[in-house]
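Below you will find the structure I want to go over with you.
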Amino acid sequence: MQPSADLIDLRSDTVTRPTSQMRAAIAAAPVGDDQFAEDPTVNLLQERVAALLGKEAALWLPTGTMSNQVALRVLTRPGDEVIASRECHAVWHETGGSAANAGVQITEIGTGGVFTVEEFLAARKPRGHLVYPPTTLVEIENTHNRAGGVIFPQDEAERICAAAREHGVASYMDGARLWNVAMASGLSLPALAAPFDLVGVSLSKGLGAPGGSLLVGSRSLIDQCVRHRRMLGGAMRQVGIFAAAGLYALDHHFERLAQDHANARRIGERLAQSPRILLDLATVQTNILAFGLNPEAPDAAILVAQARERGVLIFAFGPRTVRAVTHLDVSAAQCERAAEILVALAEGR
Ligand SMILES: *Cc1c(COP(=O)(O)O)cnc(C)c1O
């Protein structure tokens, strides 16, 4: 059932609907068969995103999950080990795809969505060992979803990728929300992408497009991604329809991510005032809030149901943890109202 318009929907930044201007851009887009590389709008988007991130080439894929899965298949072999941040998307939110599609095992390390080069090196297993699975890929998630939209420290990412390269380990960044990182940190997209062999970015999160994700990297890696996209059934035809929305989003919805960050901050500051809500404001760096409930507050599932009755939609991450995400379809005033409602419910009012 579609939530009614007066609901304040903070479940995810994927709930946004295309604006009328975005729909106009979609309607006007020249399209062609993308499997013949003949969709001019897709080609334009791929060139633009490759240039934006300072890499040779980019490939459009229908979802960020498929980008992650294709990256695993290109950068690993079945039986390999991947080292990633704890509670990463590939482990928690892809229904076991990493094991089913790439046949890899993922070792989660670090805390709060980040890890250090020392933790990476301590977990890395060499190739050719009698019993260890070889570590062939390190993956970071930036921003980290389940840790509350936190930014991976760039100097640490650089050290990790340099150490990885030294040991013949490939590197991948799940940058579904890399746009938010650039906006919040002031670092350039090419600087953020530079340490990594492959980077995934999404158009359907804060940028507000109805779908689409891109893998970005060297020409030779992207050429390999084309085959795996097809193998997973993600090679489509006139997807200029989606790419047009992506181009529109890059032009019109990138700068405004700062508003989402300010709105998340607004909600966070109100929630943190309540003794019933466990939120470290230091984790509120972009557009996501992940918070816990103290023992006197209701369970997450109850809070979610009660909030819905009062017109606020949020998402239960666990029995006692909740996520709220700001985006272009919620205003500052709505975020303030939502925060008041969440605090009242946590406090049993
Ligand atoms: C949303 C998300 C993805 C991709 O999700 P899709 O819904 O498949 O587009 C990948 N990684 C992270 C960290 C995400 O938050």
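The structure presented is a predicted model; accordingly, all values stated were derived computationally and were not measured. Indexing begins at 1, ligand by ligand and atom by atom, following the structure's order.
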- Would you mind telling me if ligand 1 is within reach of the side chain of Asn68, the backbone, both or neither, using heavy atoms under 4.0 Å? side chain

- Consider every N or O of Asp174 and every N or O of ligand 1, then say whether any pair is closer than 3.5 Å.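 It does: an N or O of Asp174 is found under 3.5 Å from an N or O of ligand 1.
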
- Query: Which of the atoms of ligand 1 are close to Thr63, meaning less than 4.0 Å from one of its heavy atoms?
  - Reply: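 Going through ligand 1 atom by atom, the ones under 4.0 Å from Thr63 are 8 (O), 9 (O).
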
- Query: Which residue, Asp13, Ile267, Asp9, Leu10, forms the side-chain contact (heavy atoms from CB on, under 4.5 Å) with Val325?
  - Reply: Asp13

- Query: To the nearest 0.5 Å, how far apart are NZ in Lys55 and OG in Ser218?
  - Reply: 8.5 Å

- Note on the structure: for atom 9 (O) of ligand 1, nearest protein heavy atom and its distance come out as Gly64 N, 2.9 Å

- Compute both the distance and the angle, then confirm whether Arg11 meets the cation-pi test with Phe315: under 6.0 Å from the six-membered ring centre, within 45 degrees of the axis. no

- Looking at Glu141, which atoms of ligand 1 are within less than 4.0 Å of one of its heavy atoms? 13 (C)

- Where Ile106 and Ala90 come nearest, the two heavy atoms and their spacing: CD1-CB, 4.0 Å

- Message: Please confirm whether Arg177 approaches ligand 1 to less than 4.0 Å, judged on its heavy atoms.
- Response: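 Under 4.0 Å: yes for Arg177.
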
- Task: Would you mind running through ligand 1 and noting each atom that sits below 4.0 Å from a heavy atom of Thr65?
- Result: 4 (C), 5 (O), 6 (P), 8 (O)

- Please indicate whether any nitrogen or oxygen in Met66 is less than 3.5 Å from any nitrogen or oxygen in ligand 1. no

- What protein heavy atom sits nearest atom 2 (C) of ligand 1, and how far off is it? Lys205 NZ, 2.2 Å

- Are Leu232 and Val42 in one and the same hydrophobic cluster, where Ile, Leu, Val, Met, Phe, Trp and Tyr link if side-chain heavy atoms are under 4.5 Å apart? no

